[in-house]
Chemist: 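Have a look at this one.
By convention in this document, chain letters (A, B, ...) are assigned in the order of the sequence lines, proteins followed by strands, and residues within each chain are numbered from 1. Just so you know, these numbers use all the heavy atoms, side chains as well, and skip hydrogens, waters and symmetry mates. Just so it is clear, the model here is predicted, and its values are computed rather than measured.
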2 protein chains.
Amino acid sequence: MVESNLALDLIFGALADATRRDILKRVSREEQTISELAQPYATSLAAIAKHVSVLEKAGLVTKRRNGKEKLVRVTPEAIEVAAAHLSEYEKVWGDRFDTLEKLLAEK
Amino acid sequence: MVESNLALDLIFGALADATRRDILKRVSREEQTISELAQPYATSLAAIAKHVSVLEKAGLVTKRRNGKEKLVRVTPEAIEVAAAHLSEYEKVWGDRFDTLEKLLAEK
DNA sequence: ATTTGATTCAACCATATGGTTGAATGATAG
DNA sequence: CTATCATTCAACCATATGGTTGAATCAAAT
């Protein structure tokens, strides 16, 4: 019996798309409107709004109204849930953080 | 311009399914054959073999032949790539590990 | 060499996903 | 109140995904 854990389905599903990861990276730096977010991409505004909606349903971002626009910002908690989950698949705990540090140092 | 990063598409895409996460958890404990992996689920062997194949293409597991069967095992490196990537979305570094520890303690 | 067991492949089906366009809604500015 | 800007909704299309079954492959055992 597999416990579905819809939350993780949605979180990882949302992260499985490059455009959405890009949006997430951008809103993790600062709040952005939907229109601002849509700017750099060669797709319709509606398509980007859908991507934001997917991120929102996964709990990775939240939206708040500001006048006629809506500001999108990251929700670090949801990302931490995903990060914590990944640790379940790793046998050696010490190694994990070593490698993580190494990978981050490379950037 | 969004750099596609196929590797992450595949990794997060693979993790977006509860059955695959379950398989990954099981092989992270010890190597398992495809048939062993298929046992607990109410689906066909072929369906599970496909899931394993998705995990394999994402680099999350590897297969090695052992006589007439194939043993599946986890590839911690790929999981670390995903974990490292998640950190990019988090502004507050200190918080991250605090919350991670807290979440793990709860299990 | 044949049979048996384990895995893979191929064809197919239903639903999900990511994209489009055009119309509808919300909120501010004239 | 109406025009305008920002976002959302609805209908639609093409392709991807997860599942099925039956045939094909690969490796051991008889």
Chemist: Looking across every strand, which nucleic acid part, if any, lies under 4.0 Å from A/S44 by heavy atom: base, sugar-phosphate, or nothing?
Modeler: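 Base, at least one base heavy atom under 4.0 Å.
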Chemist: Do any side-chain nitrogens or oxygens of B/K50 fall under 4.0 Å of OP1 or OP2 in C/dT8?
Modeler: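 The answer is no; no side-chain N or O of B/K50 sits under 4.0 Å from OP1 or OP2.
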Chemist: Mapping A/G67 and B/K63 onto DNA chain C by nearest heavy atom, which one lands closer to the 5' end?
Modeler: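 The residue closer to the strand's 5' end, by nearest nucleotide, is B/K63.
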Chemist: Does a nitrogen or oxygen in the side chain of B/S35 sit under 4.0 Å from OP1 or OP2 of C/dA6?
Modeler: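 Looking at the OP1 and OP2 atoms of C/dA6, neither is under 4.0 Å from any side-chain N or O of B/S35.
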Chemist: Within the structure, does a side-chain N or O atom of A/R65 lie under 4.0 Å from either OP1 or OP2 of C/dG26?
Modeler: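 Answer is no, no contact under 4.0 Å.
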Chemist: Check whether B/R21 reaches the backbone of B/I23 with its side chain - one donor and one acceptor, N or O, closer than 3.5 Å.
Modeler: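 Side chain of B/R21 to backbone of B/I23, a donor-acceptor pair under 3.5 Å: no, none is there.
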Chemist: Of all the nucleotides listed (D/dT8, D/dT4, C/dA6), which has the minimum atom distance to the side chain of A/L45?
Modeler: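 The closest nucleotide is D/dT8.
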Chemist: Rounded to the Å, how far apart are A/E56 CD and D/dC9 C1'?
Modeler: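 Taking CD of A/E56 and C1' of D/dC9, I get 15 Å after rounding.
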Chemist: Taking atom P of D/dA29 as reference, at what distance in whole Å does atom NZ of B/K68 sit?
Modeler: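 That distance rounds to 6 Å.
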Chemist: What is the distance, to the nearest angstrom, from the CG atom on B/D9 to the P atom on C/dG18?
Modeler: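 After rounding, the gap between these two atoms is 10 Å.
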Chemist: For the side chain of A/D17, counting heavy atoms from C-beta on, which of C/dG18, C/dT8, C/dG5 is nearest?
Modeler: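 The answer is C/dG18.
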Chemist: May I have the distance from B/N66 (atom CG) to C/dA6 (atom P), rounded to whole angstrom?
Modeler: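 Rounded to whole Å, this separation is 12 Å.
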Chemist: Please check if the side chain of B/R20 supplies one atom and the backbone of B/L55 the other of a donor-acceptor pair under 3.5 Å.
Modeler: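 Looks like no, no N/O pair under 3.5 Å.
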Chemist: Using a cut-off of strictly less than 4.0 Å, decide whether A/H51 has a side-chain nitrogen or oxygen near OP1 or OP2 of C/dT17.
Modeler: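 No, no such contact exists.
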Chemist: Give the rounded distance in Å between these two atoms: CG of B/L6 and P of D/dA16.
Modeler: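 It works out to 13 Å between those atoms.
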Chemist: Over all strands shown, is A/T33 touching base, sugar-phosphate only, or nothing at heavy-atom distances under 4.0 angstrom?
Modeler: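 Sugar-phosphate contact only - A/T33 comes under 4.0 Å of backbone atoms but never of a base.
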Chemist: Could you tell me the separation between the CD1 atom of B/I48 and the P atom of C/dA6, rounded to a whole number of Å?
Modeler: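 To the nearest whole Å, that distance equals 16 Å.
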Chemist: Map A/T19 and A/E69 onto DNA chain C by nearest heavy atom, then report which one ends up closer to the 5' terminus.
Modeler: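 Its nearest nucleotide lies further toward 5', so the answer is A/T19.
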Chemist: Given D/dA28, D/dT21, C/dT20, identify the nucleotide with an atom nearest to the side chain of A/A46.
Modeler: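 Closest nucleotide among those given: C/dT20.
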Chemist: Could you tell me if the side chain of B/I79 sits less than 4.5 Å from the side chain of B/L15, heavy atoms only?
Modeler: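 Not touching, per the 4.5 Å side-chain cut-off.
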Chemist: Quick one: which of C/dG19, C/dT8, D/dC5 gets closest to the side chain of A/T43?
Modeler: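 Nearest listed nucleotide: C/dG19.
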Chemist: Please report the distance, rounded to the nearest Å, between CG in B/D22 and C1' in D/dG18.
Modeler: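 B/D22 atom CG is separated from D/dG18 atom C1' by 16 Å.
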Chemist: Rounded to the nearest angstrom, tell me the gap between atom NZ in A/K70 and atom P in C/dG26.
Modeler: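 Going from NZ in A/K70 over to P in C/dG26 covers 10 Å.
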Chemist: Do the side chains of B/E88 and A/L24 get nearer than 4.5 Å, heavy atoms only?
Modeler: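 The answer is no, as the side chains (C-beta and beyond) never meet within the 4.5 Å cut-off.
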Chemist: Is it true that a side-chain atom of A/R64 and a backbone atom of A/R73 form a donor plus acceptor pair closer than 3.5 Å?
Modeler: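 No; judged by distance alone, with no hydrogens or angles, the pair does not exist.
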